[in-house]
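What follows is a single structure, written as structure tokens, with notes after it.
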Amino acid sequence: FLKTLQSWEVFVTKGHFINFEGLNHCGKGTHANKLAEYLVRRLGHESVNSGSEPTKRILGRIIRELIERRQPPEAVLYEARGYLREQAGYVLDHEFISKIESILAKIEKKEKIDELERQLLFFADRCDHVVGVIGPSIDRGNYFVNDRFDLSTFGHGISSGIPFEALCHWHQLSVRRLGLVPDLLIFIDISPEESFERLRVNKKEVLDIYEESLKSLGSIADSYRFLLRSGDEWKIFAKEIAFIDGMRSVEEVTTEIKKV
């Protein structure tokens, strides 16, 4: 996959990359799985792959521990040393890789990292996901259905006070260099109040740092509206965007997604 890339150019995919976004508990994971299953029935298992972020790979596992307020296991942190440089060092900018290595070193020392550093880990996990999983899949001509991509990082980052320009700078040095943009972004739209109520009903045992209050969810929703406003700004996140009303039943939402 990486042999086909030209730095700073959008990779012309042979397959199709579909990404789901929206507030927590909007149904992204549910409907990403349902769409993948639907495509499998039509095209066969060998033609469809799926994933989610943060991933279950090394960097994604570290992120999950951090956002659920746990110190990542020493063994995982040890394995992460030099991981990104080894996996994609010949494509990503040296400044970005060095920054990620310094962040991981802070975590090993049990030092606190700030919100920008946390969001850069999401960029790093995404780079690993693209290089190791998504890119090779669509390069084979497959469909790849994903739960979260760049819009989530920008939305959560801006809601936490990180300037849009700062996120753009690091995005240009990392994910953007890989040139992969979703062909279609399906945004499932629900209110912050509905998101918080679904969280309460689901009785999730461990809340991550981005869903602990209605205020937090409202701030993320405002950030999404800012990023997806009219104009060309949203094109950094996808070639096309479909907005789906997520306040309806699972069956109704599934039916509308199949029409997109």
Side-chain angles (χ1 to χ4, degrees), residues 19-21 23-25 28-29 32 50-135 146-162 166-167 169-171 173-175 177-178 199 202-213 216-217 219-220 223:
N19 181 48
F20 281 78
E21 296 280 7
L23 286 176
N24 285 8
H25 313 291
K28 297 183 306 301
S50 61
S52 63
E53 297 181 11
T55 70
K56 294 181 180 179
R57 296 163 73 85
I58 294 299
L59 298 173
R61 287 158 60 192
I62 291 173
I63 292 169
R64 177 57 60 189
E65 296 291 330
L66 292 174
I67 65 175
E68 294 183 354
R69 302 178 184 82
R70 296 187 296 263
Q71 173 69 11
E74 291 184 10
V76 176
L77 290 169
Y78 179 82
E79 191 173 351
R81 293 178 185 173
Y83 178 81
L84 191 62
R85 187 179 298 275
E86 179 181 340
Q87 296 297 311
Y90 47 100
V91 179
L92 302 181
D93 189 270
H94 176 73
E95 180 186 354
F96 176 74
I97 292 178
S98 296
K99 181 66 173 177
I100 294 301
E101 290 176 344
S102 71
I103 295 169
L104 292 172
K106 287 178 67 174
I107 296 170
E108 278 197 87
K109 297 175 184 176
K110 300 184 180 181
E111 297 177 4
K112 185 177 180 180
I113 63 172
D114 61 32
E115 186 58 33
L116 175 59
E117 291 172 323
R118 184 159 35 239
Q119 293 304 328
L120 295 188
L121 289 177
F122 279 95
F123 279 156
D125 181 43
R126 185 163 304 127
C127 289
D128 181 38
H129 199 199
V130 169
V131 170
V133 182
I134 302 176
N146 203 48
D147 175 0
R148 293 194 186 278
F149 204 66
D150 281 332
L151 180 63
S152 283
T153 301
F154 276 79
H156 287 71
I158 290 172
S159 74
S160 300
I162 302 172
L167 290 166
H169 168 75
W170 290 106
H171 183 258
L173 300 182
S174 56
V175 183
R177 291 186 72 92
L178 300 179
L199 170 64
N202 292 338
K203 296 179 180 178
K204 184 178 177 182
E205 293 183 5
V206 180
L207 303 184
D208 71 44
I209 60 176
Y210 301 111
E211 60 186 9
E212 59 188 1
S213 71
S216 175
L217 291 168
S219 180
I220 295 169
S223 296

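Numbering starts at 1 and runs along the sequence shown.
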Short side-chain to backbone donor-acceptor contact, Gln71 and Ile107, under 3.5 Å: yes

Rounded distance (nearest 0.5 Å) linking atom CG of Leu77 with atom OH of Tyr83: 14.0 Å

Arg69 bridged to Glu212 by N-O distance under 4.0 Å: yes

Chi angles and distances behind the side-chain contact (heavy atoms from CB on, under 4.5 Å) call for Asp208, Asn24: CA-CA 10 Å; Asp208 71 44; Asn24 285 8; 3.7 Å; yes

Ser223 side chain to Ser159 backbone, donor-acceptor under 3.5 Å: yes

Euclidean distance, Ile58 CD1 relative to Tyr78 OH, rounded to 0.5 Å: 12.5 Å

Step-by-step side-chain contact (heavy atoms from CB on, under 4.5 Å) determination, Phe154 to His171: CA-CA 9 Å; Phe154 276 79; His171 183 258; 3.9 Å; yes

Separation of Asp128 CG from Arg57 CZ (nearest 0.5 Å): 4.0 Å

Atom pair CG (Leu199) and NE2 (His25), whose distance is rounded to the nearest 0.5 Å: 4.0 Å

Within-4.5 Å side-chain heavy-atom neighbours: Pro72 and Glu108: no

Interatomic distance, Ile62 atom CD1 to Arg118 atom CZ [nearest 0.5 angstrom]: 13.5 Å

Residue pair Leu92, Cys127: steps toward the side-chain contact (heavy atoms from CB on, under 4.5 Å) verdict: CA-CA 9 Å; Leu92 302 181; Cys127 289; 3.8 Å; yes

Backbone N/O of Lys99 and side chain of Ser102: donor-acceptor pair under 3.5 Å: yes

Salt bridge flag under 4.0 Å for residues Arg64 and Glu68: yes

Sub-4.5 Å side-chain heavy-atom contact between Val91 and Val131: no

Side-chain ion pair, Arg81 and Glu101, N-O less than 4.0 Å: no

Closest contact, heavy atoms only, Leu120 versus Phe96: O-CZ, 3.9 Å

Heavy-atom pair of closest approach, residues Asn19 and Glu21: ND2-OE2, 3.0 Å

Ion pair check, Asp150 and Arg126, cut-off under 4.0 Å: yes

Side chains of Leu116 and Trp170 in contact at under 4.5 Å (non-hydrogen atoms): yes

Test log, rule side-chain contact (heavy atoms from CB on, under 4.5 Å), inputs Arg85 and Ser98: CA-CA 9 Å; Arg85 187 179 298 275; Ser98 296; 3.9 Å; yes

Check: His129 ring centroid to Phe149 ring centroid under 6.0 Å: no

Heavy-atom pair with the smallest gap, counting every atom of Ala80 and Leu104: O-CD1, 3.9 Å

Lys/Arg-Asp/Glu bridge criterion (N-O < 4.0 Å) met for Glu111, Lys106: no

Closest approach of Leu217 to Glu211 (non-hydrogen atoms, all atoms of both residues): CD2-CA, 4.2 Å

Separation between CZ of Arg148 and CZ of Phe20, rounded to the nearest 0.5 Å: 13.0 Å

Closest non-hydrogen atom pair between Pro54 and Asp125, with its separation: CA-OD2, 3.4 Å

Residue pair Ser152 / Glu53, side-chain donor-acceptor N/O under 3.5 Å: no

Aromatic ring pairing His156/Tyr210, orientation class (parallel under 30°, perpendicular over 60°, tilted between): perpendicular

Within-4.5 Å side-chain heavy-atom neighbours: Leu121 and Leu66: yes

Heavy-atom closest pair, residues Leu84 and Leu59: CD1-CD1, 4.3 Å

